Amino acid sequence: MAVFSSVSTTWDPFSPDDETTAKALRTMTLTLMFSRFIIGIQYFVVMGFGWSISKKKVVIPLAIHGTVMLLSSAVYLGLYYTFGPGQSGKSYIAWYVMAFFEVVAVIGTSSFYRIVSFKKTHLVERMGLLTLIIFGEGIIVMLKGINTVVKSFGWSKTMVGVIVSALFIVVSTLAYNDYFYWMFYFDYNPRNVHYGSIRQQVWSLLHFPFHLSVVLSVEGLRQLLTFYNLNQTIMQISADLVEVRDQPVKEAKILLSFFSFFYKDGNAKSVVKDYYDITSTIKEFSTYSIDDPAYTDTWNDLVYRLYIGLTEYYGIKVAYPKPGAAPISEAGEFMRILGVFDLAYKYFFISVGVVFAMYGVFAIIVRRHMDIFDYISISLRFIIAGIFIGMLALPTNDIAYKAYIVSPWVIPQVCLMIFTVLVVDKTMSYFALRRAKFRLVEN
């Protein structure tokens with residue numbers, strides 16, 4: 001895990017000729033090789049113990065599992081030599097192929113040899129704990145995002161509403177530590193419920209896309225929160241500059257105050273790096289008249305530099321241009337930064353949609369016998385998943401999309417939709433409980 005964390009931020013499969021990327025890819029594949037080798041050895045150790053105590057039924061399935069792991073280990077070792085300058089750069093795809101092979105082999109063997117299945121294990125509790133840990137990490141991510149957006153420019157009424165909505169998507173009431181996500185997940189959690197060994201393995205396998213979607217949705221939530229505050233700050237800076245438009249001395253004073261703030265803070269790397277060049281440009285700009293030919297170009301350059309410093313201050317980063325690429329202007333760089341939020345918008349709504357689709361699938365897997373209330377609750381999960389994924393169509397209308405993305409309603413809308421579905425879901429549970437009690441009284 002430590003190696004995965006250390007190299008995950010430095011490898012770029014789209015730049016296979018880069019030495020840093022090749023080194024990271026080789027380190028990753030060696031880590032995968034070593035982990036599979038150790039797991040394979042563990043399987044064979046358990047197999048040997050089972051043989052020694054005459055538990056012959058476990059020998060064949062554990063031998064299959066161990067062989068699969070050792071085979072995967074050998075493949076990962078072979079992949080080590082495919083990363084580097086002059087290679088195709090697509091070898092990393094084999095990681096996913098091998099992961100799929102491992103899953104199919106292990107799940108298939110466990111489905112045939114029930115003695116190594118998840119039956120009579122603590123799988124449900126462990127998956128629940130892992131899910132709670134991921135939800136808890138989501139709270140930490142949100143709190144870091146809140147700290148970033150309010151640490152210098154303070155609170156506003158709309159910002160309070162957006163932040164509260166963002167927290168309510170993840171956290172319902174702090175007193176009970178209940179989560180919107182948590183409520184939907186544990187409502188159909190298979191505690192003390194027998195729903196079949198194969199279903200149980202499918203249920204456990206689907207937690208990978210579910211957990212991945214939860215992580216992406218919370219990160220997307222943080223990015224959208226950051227973007228809203230960034231946009232509000234840009235509007236405020238623009239309003240301050242408009243008030244003194246065509247007054248170079250006053251404009252220079254405002255620009256210098258912001259650049260000085262970013263320089264002292266230290267997070268805006270471009271400002272720190274070029275601070276003396278920026279201050280000399282501002283000093284020269286203050287001597288211009290509005291009729292000077294260089295006035296407009298210098299003003300635009302300084303403003304875009306300021307906005308780029310602002311995005312860096314908020315921790316927003318974009319990929320460095322590839323070697324040999326055409327130079328990018330300050331305005332072009334700023335537009336590249338704003339493009340990050342277009343990506344965040346898309347993966348946020350996709351991931352939230354997948355989360356609720358998974359809630360529906362989990363409910364179908366767990367509930368072998370359903371009534372009308374179950375069908376309504378499950379249908380709502382798929383309906384809201386479709387609505388969230390359908391939000392990807394909004395960018396096709398450029399005017400509506402831009403008006404929506406800069407409004408304070410992106411996060412509150414998601415919060416209200418989830419809350420509405422939750423209320424209906426709990427109402428269905430209430431009616432289902434009442435009907436069950438009524439039938440008990442009749443009998």
Side-chain angles (χ1 to χ4, degrees), residues 1-43 66-103 105-106 130 133-134 137 140-141 144 208-209 211-213 215-216 218-220 222-223 266-270 272-274 308 311-328 332-333 336-337 339-340 343-344 346-347 351:
M1 294 301 293
V3 176
F4 287 152
S5 300
S6 64
V7 302
S8 61
T9 58
T10 58
W11 69 278
D12 178 11
F14 300 107
S15 302
D17 292 329
D18 180 68
E19 182 57 33
T20 301
T21 295
K23 183 178 179 180
L25 291 170
R26 288 194 293 265
T27 303
M28 183 76 82
T29 200
L30 281 179
T31 305
L32 291 169
M33 180 273 293
F34 183 73
S35 65
R36 269 44 178 194
F37 178 78
I38 295 299
I39 293 173
I41 295 300
Q42 289 177 336
Y43 275 125
T67 303
V68 167
M69 291 299 123
L70 293 182
L71 179 62
S72 295
S73 177
V75 172
Y76 288 127
L77 178 60
L79 289 173
Y80 172 84
Y81 300 99
T82 65
F83 297 116
Q87 303 294 339
S88 66
K90 300 292 184 180
S91 303
Y92 69 91
I93 296 175
W95 293 348
Y96 303 99
V97 175
M98 291 308 300
F100 180 76
F101 166 71
E102 292 168 8
V103 168
V106 172
L130 178 59
I133 291 171
I134 293 174
E137 289 295 323
I140 294 173
V141 169
K144 287 182 177 179
F208 175 73
H211 288 157
L212 180 61
S213 298
V215 171
L216 288 176
V218 175
E219 178 60 27
R222 186 188 69 82
Q223 294 281 5
N267 287 318
K269 302 301 182 184
S270 63
V272 174
K273 179 182 177 181
D274 301 327
I308 290 172
T311 57
E312 292 174 341
Y313 170 78
Y314 281 123
I316 302 163
K317 299 178 181 178
V318 296
Y320 288 107
K322 293 184 178 180
I328 301 175
E333 182 68 16
R336 288 177 71 233
I337 291 171
V340 171
L343 176 63
K346 292 175 183 178
Y347 79 67
S351 58

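A quick note: this is a predicted structure, and the numbers were derived from the prediction, not measured. Numbering starts at 1 and runs along the sequence shown.
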Please evaluate residues Leu71 and Phe101 with respect to the criterion side chain to side chain contact (heavy atoms under 4.5 Å, CB included), reporting the C-alpha separation (whole Å), side-chain torsions for both, the decisive distance (0.1 Å), and the verdict. CA-CA 11 Å; Leu71 179 62; Phe101 166 71; 4.1 Å; yes
For Ser270 against Ile308, the heavy-atom pair lying closest together: OG-CG2, 3.9 Å
All heavy atoms of Leu79 vs all of Ser91, minimum pair found to be CD2-O, 4.0 Å
Nearest-0.5 Å distance that lies between atom [atom1] in [X] and atom [atom2] in [Y]:
X      : Y      : atom1 : atom2 : answer
Ile39  : Glu102 : CD1   : CD    : 7.5 Å
Glu219 : Leu216 : CD    : CG    : 8.5 Å
Met28  : Trp95  : CE    : CH2   : 5.0 Å
Arg26  : Thr82  : CZ    : OG1   : 10.0 Å

Using modelled atom types only, decide if a donor and an acceptor are shared between the side chain of Thr29 and the backbone of Leu25 within a distance under 3.5 Å. no
Mark yes or no for whether Ser72, through its side chain, and Val68, through its backbone, hold a donor-acceptor pair below 3.5 Å. yes
State, yes or no, whether a side-chain contact exists between [X] and [Y] at a heavy-atom distance under 4.5 Å.
X     : Y     : result
Met98 : Tyr76 : yes
Arg36 : Leu32 : yes
Met69 : Gln42 : no

Would you say CZ of Phe37 has more than 12 non-hydrogen atoms from neighbouring residues, nucleotides or ligands within 6.0 angstrom? no
